[in-house]
Chemist: 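Dropping the structure in here first, questions after.
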Amino acid sequence: MNERKLDLIYRRLYSHYGPRGWWPIRTRAGTPGFDTKGYHKNDFSIPQSSQDLFEIIVGAILTQNTTWTNVEKTLESMKSQSLLEPSYLHDTKTEDLASVIRSSGYYNQKAKKLKIITSFLLQGDYLNNSHSPERQDLLAVWGIGPETADSILLYGFNKPYFIIDTYTKRILRRLHYITGNESYNELQDLFIIEKNDNEAMYTVRYFNEYHALIVEHAKNFCKKKPVCDGCPISEFCGKR
DNA sequence: CGCCAGGTGGGAT
DNA sequence: ATCCCACATGGC
């Protein structure tokens with residue numbers, strides 16, 4: 001029942017915005033299969049290389065509480081300095097890395113986070129063959145909280161973890177679907193799919209697209225200061 | 001100018 | 001457990 005409402009909202013958002021082509025691979029922008037921003041042209045697809053995977057993970061950290069446009073600049077800079085090569089990043093001093101990622105903000109903290117996650121990835125050999133880390137192991141890494149862990153797992157490793165971010169909470173709160181006091185795990189559980197075809201890959205596709213649609217909707221209509229005129233899900237607002 | 005953005009860790013209560 | 005704060009740039 002409630003689950004159906006979330007599914008209805010998903011379908012309404014999808015009808016309005018269409019497939020988002022996440023996660024964007026910035027350094028692939030303009031190459032076959034990607035648009036000028038690095039979004040996949042043909043719907044969802046899985047990372048094709050360990051380079052894509054590493055860039056997704058780096059981007060997930062850089063975009064913490066920061067706009068994607070700032071992150072795009074940083075990814076370009078890093079690429080030009082070979083810092084999207086895990087081994088190079090690993091051997092770069094934190095302060096040197098910080099100066100390169102300056103445009104993403106929190107650069108001292110993020111430089112430290114990037115160094116630490118890179119060590120983790122290299123030590124566990126997670127970049128080759130998309131050998132996925134466990135969620136709890138990612139969460140134990142300094143700088144990786146639940147949202148970043150789930151972004152990495154969902155978009156990098158194609159694991160069925162729904163991402164809860166400020167946009168998700170804002171939209172669900174405005175729909176009176178949640179109070180806003182729920183824990184991260186409680187919110188994540190709302191999106192569990194109970195269908196006969198609850199196959200992992202189906203869930204991954206659904207979670208992948210749903211989160212991307214939520215972000216798109218939050219940027220277009222459900223902003224901090226909401227723009228309700230023309231909102232594709234306004235009929236669900238204010239009702240239980 | 002002020003506010004906001006695809007959070008997280010640390011410290012005090 | 002829960003609140004509060006530091007962390008920082010670039011866009012509007």
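Since we're looking at a predicted model, the values are computed, not measured.
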Chemist: Given atom CG of A:N70 and atom P of C:dC12, what is their separation to the nearest angstrom?
Modeler: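 Answer to the nearest Å: 11 Å.
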Chemist: Flag the pair A:F162 / A:Y206 as yes when their ring centroid distance falls below 6.0 Å, and as no otherwise.
Modeler: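 No: the rings miss the under 6.0 Å criterion.
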Chemist: Within the 4.0 Å heavy-atom criterion, would you say A:T166 contacts the bases, only the backbone, or no part of the nucleic acid?
Modeler: sugar-phosphate
Chemist: In whole angstrom, give the distance that lies between atom CG of A:N181 and atom P of C:dT2.
Modeler: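 Result: 9 Å.
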Chemist: Between A:T67 and B:dC4, does any side-chain N or O lie under 4.0 Å from OP1 or OP2?
Modeler: no
Chemist: Counting just side-chain N and O atoms, does A:K224 come under 4.0 Å of either OP1 or OP2 of C:dC12?
Modeler: no
Chemist: For A:K219 and B:dA5, what is the distance between atoms NZ and C1' respectively, to the nearest whole Å?
Modeler: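 Atom NZ in A:K219 sits about 9 Å away from atom C1' in B:dA5.
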Chemist: Between A:R28 and A:E55, is there a side-chain N and carboxylate O pair less than 4.0 Å apart?
Modeler: no
Chemist: When you match A:I144 and A:R170 each to their closest nucleotide on DNA chain B, which lands nearer the 5' end?
Modeler: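 The residue closer to the strand's 5' end, by nearest nucleotide, is A:R170.
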Chemist: What is the distance from CG of A:N108 to C1' of B:dT8, rounded to the nearest Å?
Modeler: 15 Å
Chemist: Provide, to the nearest angstrom, the distance between the NZ atom belonging to A:K112 and the C1' atom belonging to B:dG10.
Modeler: 10 Å
Chemist: Taking CG from A:D165 and P from B:dT8, how many angstroms apart are they, rounded to a whole number?
Modeler: 10 Å
Chemist: With a 4.0 Å limit, can you tell me whether A:T66 has a side-chain N or O closer than that to the phosphate oxygens OP1/OP2 of C:dA8?
Modeler: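 Result: no.
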Chemist: Looking at A:K169 and A:D165, is any side-chain nitrogen of the basic one under 4.0 Å from a carboxylate oxygen of the acidic one?
Modeler: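 No, this pair does not count.
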Chemist: Using atom CD of A:E182 as one end and atom C1' of C:dA1 as the other, report the distance to the nearest whole Å.
Modeler: 16 Å
Chemist: Taking B:dT8 as the reference, what is the distance to C:dG10 when you measure between their P atoms (whole Å, please)?
Modeler: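 The same atom, P, in both gives a distance of 22 Å.
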Chemist: Would you say a side-chain N or O of A:N65 is under 4.0 Å from OP1 or OP2 of C:dC7?
Modeler: no
Chemist: Taking A:S151 as the fixed residue, which of A:I144, A:T63, A:I56, A:I163 is the one that meets the side-chain contact (heavy atoms from CB on, under 4.5 Å) rule?
Modeler: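 Option passing the side-chain contact (heavy atoms from CB on, under 4.5 Å) with A:S151: A:I163.
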Chemist: Would you please test A:D96 and A:T92 for side chain to side chain contact (heavy atoms under 4.5 Å, CB included) and show each step?
Modeler: CA-CA 7 Å; A:D96 292 338; A:T92 298; 3.8 Å; yes
Chemist: Would you classify A:K73 as touching base, sugar-phosphate or nothing, given that sugar-phosphate means primed atoms plus P, OP1 and OP2, and contacts are heavy atoms under 4.0 Å?
Modeler: sugar-phosphate
Chemist: Considering heavy-atom distances to DNA chain B, does A:T63 or A:G143 have its closest nucleotide positioned more toward the 5' end?
Modeler: A:T63
Chemist: Is it true that A:Y161 and A:F207 have ring centroids separated by less than 6.0 Å?
Modeler: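 No, the ring of A:Y161 stays outside the 6.0 Å limit from the ring of A:F207, centre to centre.
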Chemist: Starting at NZ of A:K223 and ending at P of B:dA5, how long is that distance when rounded to a whole Å?
Modeler: 11 Å
Chemist: Please pick, from C:dG10, C:dA8, B:dG7, the nucleotide with the shortest atom-to-atom distance to any side-chain atom of A:Q64.
Modeler: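 For the A:Q64 side chain, the nearest candidate turns out to be B:dG7.
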Chemist: For A:W68 and C:dG10, is the shortest distance between a side-chain N/O and OP1 or OP2 below 4.0 Å?
Modeler: no
Chemist: Heavy atoms only, 4.0 Å cut-off, all strands: where does A:S103 land among base, sugar-phosphate and nothing?
Modeler: sugar-phosphate
Chemist: So what does A:Y106 touch, heavy atoms closer than 4.0 Å: a base, only the sugar-phosphate, or nothing?
Modeler: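 Counting heavy atoms under 4.0 Å across all strands, the contact made by A:Y106 includes a base.
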